[in-house]
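Lettering follows sequence order; numbering is per chain, from 1. Note that the coordinates shown come from a computational prediction; the quantities given were computed from them, not determined experimentally.
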There are 2 protein chains.
Amino acid sequence: MTASSVSRRRLARGTLSRQGIVEAALGLLDEEGPEALTFARLGSALDASTTAVYRHFSSRDEIIVALAEELDRISLDGYEPAEDWRDSLRDLAWRAWRTASEHPAAASAAMHRTTRGVHELRAVDAVLEAVHQAGLRGEETAMSYAVYAHLVLSVCCQHATRLVSMATEGEEGWVQVYHPTDPAAYPYAVQAAAHLLAIDHAEVFRRQVELVIGDIEARAGRAQA
Amino acid sequence: MTASSVSRRRLARGTLSRQGIVEAALGLLDEEGPEALTFARLGSALDASTTAVYRHFSSRDEIIVALAEELDRISLDGYEPAEDWRDSLRDLAWRAWRTASEHPAAASAAMHRTTRGVHELRAVDAVLEAVHQAGLRGEETAMSYAVYAHLVLSVCCQHATRLVSMATEGEEGWVQVYHPTDPAAYPYAVQAAAHLLAIDHAEVFRRQVELVIGDIEARAGRAQA
DNA sequence: ACCTGAACACCGTTCAAGT
DNA sequence: ACCTGAACACCGTTCAAGT
């Protein structure tokens with residue numbers, strides 16, 4: 001009674017689509033982790049042959065890029081700029097964080113990729129709009145965009161990777177690190193061990209995002225003065 | 001006259017070592033990119049059989065973790081705390097950036113991993129020492145450590161990944177993004193296109209690091225007052 | 001036009017056999 | 001104790017054949 005042995009009928013001609021394949025890939029990654037994204041698993045999840053997906057994607061890498069676009073789409077779904085540009089940047093940052101938290105295997109594999117797609121472009125435009133609304137212009141807008149966007153994407157991507165490795169290896173580890181063979185050589189690490197284990201990663205991200213927002217605020221104030 | 005067909009003699013008993021294997025792996029990644037790290041390539045680079053490495057590492061993943069430790073070792077080589085804690089944090093940040101720039105394929109694959117090793121511990125201790133020197137204590141030290149360390153590692157890891165994909169695909173891409181089919185829908189992106197293409201990623205990193213240092217400074221001042 | 005099934009080169013890993 | 005070579009299961013990809 002395995003899933004792959006149930007239906008052996010030939011698939012109708014137009015059953016498969018890029019969007020359907022991407023959704024199946026995302027479901028596979030969500031439920032079975034990063035190793036699950038293979039043409040064989042994807043095929044049987046779609047009740048299709050191992051090679052059917054090649055009609056719609058020319059390589060595994062192209063599926064990863066499509067997944068990145070799908071994560072952008074999910075993140076931005078329902079987004080509207082806030083009245084205050086600070087709230088727009090907060091909203092966008094936490095949307096990325098939430099997507100990474102809810103789809104860690106997909107985010108870990110895809111979030112660092114440039115898609116050149118429409119949803120990525122929407123995200124870029126949304127951040128630039130907020131920075132523009134803050135009062136920055138020209139080159140300064142681009143720099144602040146990059147400071148914000150690189151930080152948010154990098155940290156969320158790493159957060160996703162951490163969630164995946166926690167699911168795979170079990171627990172955070174680190175324990176060994178803070179019981180080194182020669183504790184006297186690493187006094188600060190030994191002393192901070194308990195606090196480091198108790199760190200709230202979301203709170204760390206919040207502080208990082210607020211730092212960038214504060215910086216944009218300061219630069220905008222200077223520009224107006 | 002391929003490299004693998006030259007020497008076919010059996011390797012002496014103690015020729016292979018963990019450090020030698022790690023160095024060969026790093027060389028392979030540096031010279032041939034992320035696809036080059038396979039047991040077969042590693043074996044022939046070491047003039048050994050495909051499976052010889054298994055005597056020293058029990059899986060491919062264990063090699064990746066050892067590479068992460070090696071990158072920590074390379075980064076910290078010769079590090080001494082500066083008089084001013086700000087310069088210590090700057091030094092540590094740019095060491096990570098330089099390592100990511102010089103070994104992009106290895107950094108992209110390994111830099112996000114926790115090693116539980118001695119060089120990672122040295123790095124943690126060095127950052128904590130600087131934050132302590134700034135004047136923070138207890139939980140606040142741990143939080144500021146995390147804000148700094150997560151940012152530096154995440155951004156450098158993403159920088160490495162970007163370098164790898166530039167080498168693979170050629171050029172930054174993005175061009176397509178900033179010539180969208182419907183430019184009117186993304187006015188801010190279209191307007192900022194030229195500036196976005198001209199962004200200096202090192203300057204972005206510099207600003208991110210200075211933001212965190214400024215934040216630690218402000219918190220330390222508040223704590224003392 | 002789209003899906004299937006056989007086939008190929010490659011990869012991580014295991015294990016019995018050599019020295 | 002450490003290295004080799006055959007073997008296995010799996011994976012991405014290609015391609016001729018079906019409908």
(request) Please report the C-alpha distance between A:His119 and A:Glu69 in whole Å, then the side-chain angles of each, then the deciding distance to 0.1 Å, and finally whether the side chain to side chain donor-acceptor pair (under 3.5 Å) criterion is met. (result) CA-CA 6 Å; A:His119 293 107; A:Glu69 263 286 289; 3.3 Å; yes
(message) Before you tell me yes or no, could you show the steps for A:His150 and B:His159 under ring pair (Phe, Tyr, Trp, His ring centres under 6.0 Å), namely the whole-Å CA-CA distance, both residues' side-chain angles and the distance that decides it to 0.1 Å?
(response) CA-CA 9 Å; A:His150 287 189; B:His159 173 57; 9.4 Å; no
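Side chain of A:Ser17 to backbone of A:Gly20: a donor-acceptor contact under 3.5 angstrom is found. Within the 3.5 Å criterion, the main-chain N or O of A:His132 finds no donor-acceptor partner in the side chain of B:Tyr188. A donor-acceptor pair under 3.5 Å links the side-chain atoms of A:Thr15 to the main chain of A:Ala12, judged by distance alone. For the pair B:Tyr148 (side chain) and B:Ala93 (backbone), a donor-acceptor distance under 3.5 Å is present.
Listed by first and then second residue, the side chain to side chain donor-acceptor pair (under 3.5 Å) pairs involving residues 49-59 of chain A are A:Ser58-A:Glu62 (not counting sequence neighbours).
By the side chain to side chain donor-acceptor pair (under 3.5 Å) test, A:Arg95 is found to be paired with A:Asp91, residues two or more places apart in sequence or in another chain being considered. Applying the salt bridge (Lys or Arg N to Asp or Glu O under 4.0 Å) test to B:Asp30 and every residue at least two apart in sequence or in another chain returns nothing.
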(message) Once pairs are restricted to Watson-Crick or G-U wobble with both distances under 3.5 Å, how does DNA chain D read as a dot-bracket string, [ ] for crossings and | for other-strand pairs?
(response) ||.|||||...|||||.||
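Contacts with DNA chain D (heavy atom under 4.0 Å) in residues 13-31 of chain A: none are found.
Separating the CG atom of A:Asp47 from the P atom of C:dC3 is a distance of 13 Å, rounded to the nearest angstrom.
Salt-bridge check for B:Arg113 with B:Asp61: passed, with a basic side-chain N closer than 4.0 Å to an acidic carboxylate O.
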(request) Any chance you could list the contact pattern along nucleotides 6-19 of chain C? Use B for base contacts, S for sugar-phosphate-only contacts and - for none, protein heavy atoms under 4.0 Å, 5' to 3'. (result) B----SSBB---B-
